[in-house]
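Structure, as structure tokens:
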Amino acid sequence: MLRTLPCISAISLALLACGFVSAQDTVQMGWLQRTNGTYLYDDPANWLGGNVNGVFGTNLTSKATIRLQHTEPFTIDNNRWTFLHTGEVQLEFIGYGETPVTATIAEDLNLLTVNTTKGNFRFGANSTTDQLILNLAGGTRAINSSLDIYLWNPVRNGSLILNSANSKWLYLVNDATIEGDVTVRYANGLCFKANNPHPGSVRAHNVTLQNGQIIQQFHNNSDINESITGSLFIDVDPENRGSYNHLNLSASLRNHYTLRAASLERVGSAILFLSGNQLGIDPATNGSINVYFDTPPALTPGATDDPAAPGILPWVYHNGNNWVTYDETRGLRPLNRDTEYAVFGSTDDYTNRHLLIPANTTCTNDTDITVQSLLLDGNDLRTNTVLRGSGTIRVTSGAVRLGYHRNATPSIESNLDFGDVRGIFYVPKGKASYISGTVTGNNGIIIVQNDHAIVSGSSGTGPNLPATSRISGDCYVFSKTQGGSAFWPHGDRTGDLHNYGVIEYYDTTLNGLYGNGIMFSGYVGLTLGDNDADGDFSGTIQQRDTVRLTKIGTGTQRLSGSITVTGGIAVEGGTLDMDGTVSASTATVAADTTLSGSGTFQAASPSVITVDTDATLAPGEDDGSRPMTLENGGITFADQAILDLGTLDRDTPADANRLAVSGSILGADATVLVSASGADTGKWRVATAAAFEPTFVPAPGTRLRLFFNEDGTELWAERLTYSIISIH
């Protein structure tokens, strides 16, 4: 007898991927074996057992193109389709007849395949028949797809987010338009595709790149006019895995290509990279590419009496080696390297100009000068480009570029001053560079590597930073860096460090630490929380040798990634919230400080947490879903130390474990801060250990009784209907 199965949800699909449901079972219930062709989706004859269940099993022919016609409006949700086939398959979902069919996307959509190696999903058709209109039901829908997606017809009544995890593309073909907004994240891409002789189209209202890409594809004999009715936003992705956005205009063409939007807007620390050798040339010239905005972007102030030094967008650069300006005729355009740069060593006046340090030269500057931008040129020769001298170079736009050398190391040995603007270091990919002068500025700095693959860390050694600086303000790293033991803000310099790359540091003190990159230390330690700063870091802290992690200041620093510090952890100020995995042999919590969180201590040697007098250990989640765990070790409470177990209520499960210790909990009397809300009585298990030595005393007035189970391995709290009064 044939087995049948209802439509499989995204959760079931994950189980299938893990092997909980066999492919043999699913073959009997889904799409019949088909070669290339067009088929009515709702015809039971096309489905095994006549069960139209949306399961595309493992039996599809490799490289098949299956066109699935829909005759009536339908709703797409995460139970609609399940894709189990292997190899390469193209699935097209189309309408039927002269009247377009509407498919409503009622929720976020997962188009996930388990074993497909190649292929794509297509919606709609280029012909007047077979059109499929996507209706987003008035919402913003995120699409996560394991294959590229082609849209041929309009997307109406809402906005789209391309949320895929593996650099997938959303193609808007010919007249395809998203009437709302479209957001592209995580190195995914949006392609404006115009087939010959199509002239282009209105593509969306607002387009937001959050570590995303736009590329154009078209027949090179066509004049193409693409447009966005709203703004092009350049942003950092919401999980801060990258700030690098790419507008790829490098396709070859004979005619004119235009991309137009209402405005260009930057969010936060985002960077835009433009590629295309024909960008910004005279639009009357065949092969020109022009990007226009109804409201021109604001440029950095250039020299008012020097048209050869126009203002630039310091967060936009072209082909990795040039700054970008904007004018009414040519739109976004790179600077002319022959006429719009002052060349060091020439007779040019450098003041407020874009200063070019020629490749393979060593230049010495012993006077203070003010320039709009600084660019160290580079090529593949083995000779270094070096800027040195005792003079300070004030960079009014903040833009500094160290040219790429495959076999050499560019370096800036002069002092740099960014004043009140945020500095931006563009550094070479895959090769070291050196910045050894004093860097000064009041608005922080961004260090970005010229490589779209940089989402968390990078290849190569990255720039070497000076041992100290005078930088204040928030600093952002989207590269690999080395050195700079006292480079980042601390002491009398405010501002936090946001690390989304790799920072190799040596005995460094920071204010707050944010981001999800890698902190890698050669030796000594990492001190967090200066200037009473807060922080939230989900990345990794690693070590080469023994390193100690110290929390100072009054703020709260959260660490939710993987932490390895065999030199131990010391909480000397404020709160250290450990929510990740921790390899540390010791952790000491000083008086008037707190160690909190639901992290797991899993050092090879036993971990010992020592809670001093008047210090607080506040473990676990309030709902008991995740306790602080010592997989190998124990805890010692000093006299009058505090164990803060949070709040219990009638919705709290009986196993509300806040603390799970493999070893023993030792020490003197300790006060337990625990409260119960509401009027109901209750009983909760709040901590487990191999043994308990201290006498735990509930805080006065809580109406809670603390007691151990029979073998002394569990600490329980019970809510009473009366108060316990201690009489001495």
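This is a predicted model, so every value here is computed, not measured. Worth knowing before you read on, the calculation uses all heavy atoms, side chains too, and leaves out hydrogens, waters and symmetry mates.
Under the 4.5 Å side-chain criterion, counting only non-hydrogen atoms from C-beta, L136 is in contact with L160. Side-chain contact between N255 and I224 is absent, with no heavy-atom pair separated by less than 4.5 Å. In this structure, H354 and W323 have side chains that are in contact, with non-hydrogen atoms separated by less than 4.5 Å. When side chains are defined from C-beta on, Q278 does not count as touching S288, because their heavy atoms never get closer than 4.5 Å. A 4.5 Å side-chain heavy-atom check between L190 and L172 finds at least one atom pair inside the cut-off. The closest side-chain heavy-atom distance from N443 to V421 is not below 4.5 Å. Side-chain atoms of I234 and V267, non-hydrogen and from C-beta on, never get closer than 4.5 Å to each other. Put simply, the side chain of Y476 reaches to within 4.5 Å of the side chain of R422, judged on heavy atoms.
Side-chain atoms of S159 do not come within 3.5 Å of backbone N or O of V182 as any donor-acceptor pair. With T361 contributing its side chain and T385 its backbone, the two residues share no donor-acceptor pair below 3.5 Å. Between the N384 side chain and the T409 main chain, a donor and an acceptor come within less than 3.5 Å of each other. Remark: the backbone N or O of T351 is paired with a side-chain donor or acceptor of D349 at under 3.5 angstrom. When atom types are taken as modelled, the side chain of D223 and the backbone of P199 share no donor-acceptor pair closer than 3.5 angstrom. Distance alone, capped at 3.5 Å, places no donor-acceptor pair between the D348 side chain and the Y350 backbone. In this structure, N245 contributes its side chain and N211 its backbone to a donor-acceptor pair below 3.5 Å. Remark: the backbone N or O of G311 is paired with a side-chain donor or acceptor of T325 at under 3.5 angstrom. Side-chain atoms of T508 never come within 3.5 Å of backbone atoms of Y505 as a donor-acceptor pair (strictly under, hydrogens ignored). Remark: the backbone N or O of A284 is paired with a side-chain donor or acceptor of D282 at under 3.5 angstrom.
No hydrogens or angles considered: nothing links the side chains of T258 and E226 as a donor-acceptor pair under 3.5 Å. Side-chain contact, S231 with S263: a donor N or O sits under 3.5 Å from an acceptor N or O. For the residue pair N225 and H256, no side-chain donor N or O sits within less than 3.5 Å of a side-chain acceptor on the partner. D175 and N153 share no donor-acceptor pair across their side chains, judged by distance under 3.5 Å alone. Side-chain contact of N163 with N144: a donor-acceptor pair under 3.5 Å is absent, judged by distance alone. A donor atom on one side chain and an acceptor atom on the other are not found under 3.5 Å apart for Y426 and N321. Side chains of S275 and H246: a donor-acceptor N/O pair is present below 3.5 angstrom, by distance only. Residues D235 and Q210 bring a donor and an acceptor atom of their side chains to less than 3.5 Å of each other. Side-chain contact annotation: N442 with S472, donor-acceptor N/O pair under 3.5 Å absent.
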Problem - Chi angles and distances behind the side-chain contact (heavy atoms from CB on, under 4.5 Å) call for V184, Q213 - result: CA-CA 7 Å; V184 183; Q213 308 179 61; over 6 Å; no

Handout entry: CA sep, side-chain torsions, deciding dist, call: S433, N464, side-chain contact (heavy atoms from CB on, under 4.5 Å)
Key = CA-CA 6 Å; S433 53; N464 285 269; over 6 Å; no

Exercise for the section: Please test L356 against L376 for side-chain contact (heavy atoms from CB on, under 4.5 Å), starting from the C-alpha separation and ending with a verdict. Expected result: CA-CA 6 Å; L356 175 66; L376 269 70; over 6 Å; no

Practice task
Take D496 and N511 through the side-chain hydrogen bond (donor to acceptor under 3.5 Å, both in side chains) test and state the conclusion after the steps.
Solution key: CA-CA 5 Å; D496 300 316; N511 297 328; 4.9 Å; no

Handout entry: Verdict with supporting geometry, I161 and I143, side-chain contact (heavy atoms from CB on, under 4.5 Å)
Key = CA-CA 6 Å; I161 299 174; I143 294 182; over 6 Å; no

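Here the OG atom belonging to S250 is positioned 11.5 Å from the CG atom belonging to L274, to the nearest 0.5 angstrom. Rounding to the nearest 0.5 Å gives a distance of 4.5 Å between OG1 of T392 and CG of D368. Within the model, atoms OG1 of T440 and CG of L416 stand 8.5 Å from one another, a figure rounded to the nearest 0.5 Å. To the nearest 0.5 Å, atom CD1 of residue I393 and atom CG of residue L374 are 5.5 Å apart. The line from CZ of F478 to CD1 of I447 is 11.0 Å long, rounded to the nearest 0.5 Å. Distance CG/D148 to CG/L162: 9.0 Å, rounded to 0.5 Å.
With sequence neighbours excluded, the residues satisfying ring-ring contact (aromatic ring centres under 6.0 Å, His included) with Y506 are Y523. Applying the salt bridge (charged side-chain N to carboxylate O under 4.0 Å, His left out) criterion to D420, with sequence neighbours excluded, gives no partner residue.
Pairs engaging residues 326-337 under the salt bridge (charged side-chain N to carboxylate O under 4.0 Å, His left out) rule: D327-R333, R333-E340, R337-D377 [sequence neighbours left out].
Checked against F425 for a side-chain contact (heavy atoms from CB on, under 4.5 Å), the options I446, T481, L402, L465 give a single hit: L402. Checking each of N277, L279, L332, I281 against I289 for a side-chain contact (heavy atoms from CB on, under 4.5 Å) leaves exactly one that passes, namely L279.
The environment of CZ in F123 is crowded: more than 12 heavy-atom neighbours from other residues, nucleotides or ligands sit within 6.0 Å.
By the 30° and 60° cut-offs, the orientation of the rings of Y150 relative to Y171 is parallel. In this structure, H498 and Y514 have parallel ring planes: the angle between them is below the 30° cut-off, well short of the 60° mark.
D530 has no carboxylate O lying under 4.0 Å from a charged side-chain N of R493, or vice versa, which leaves the two without a salt bridge.
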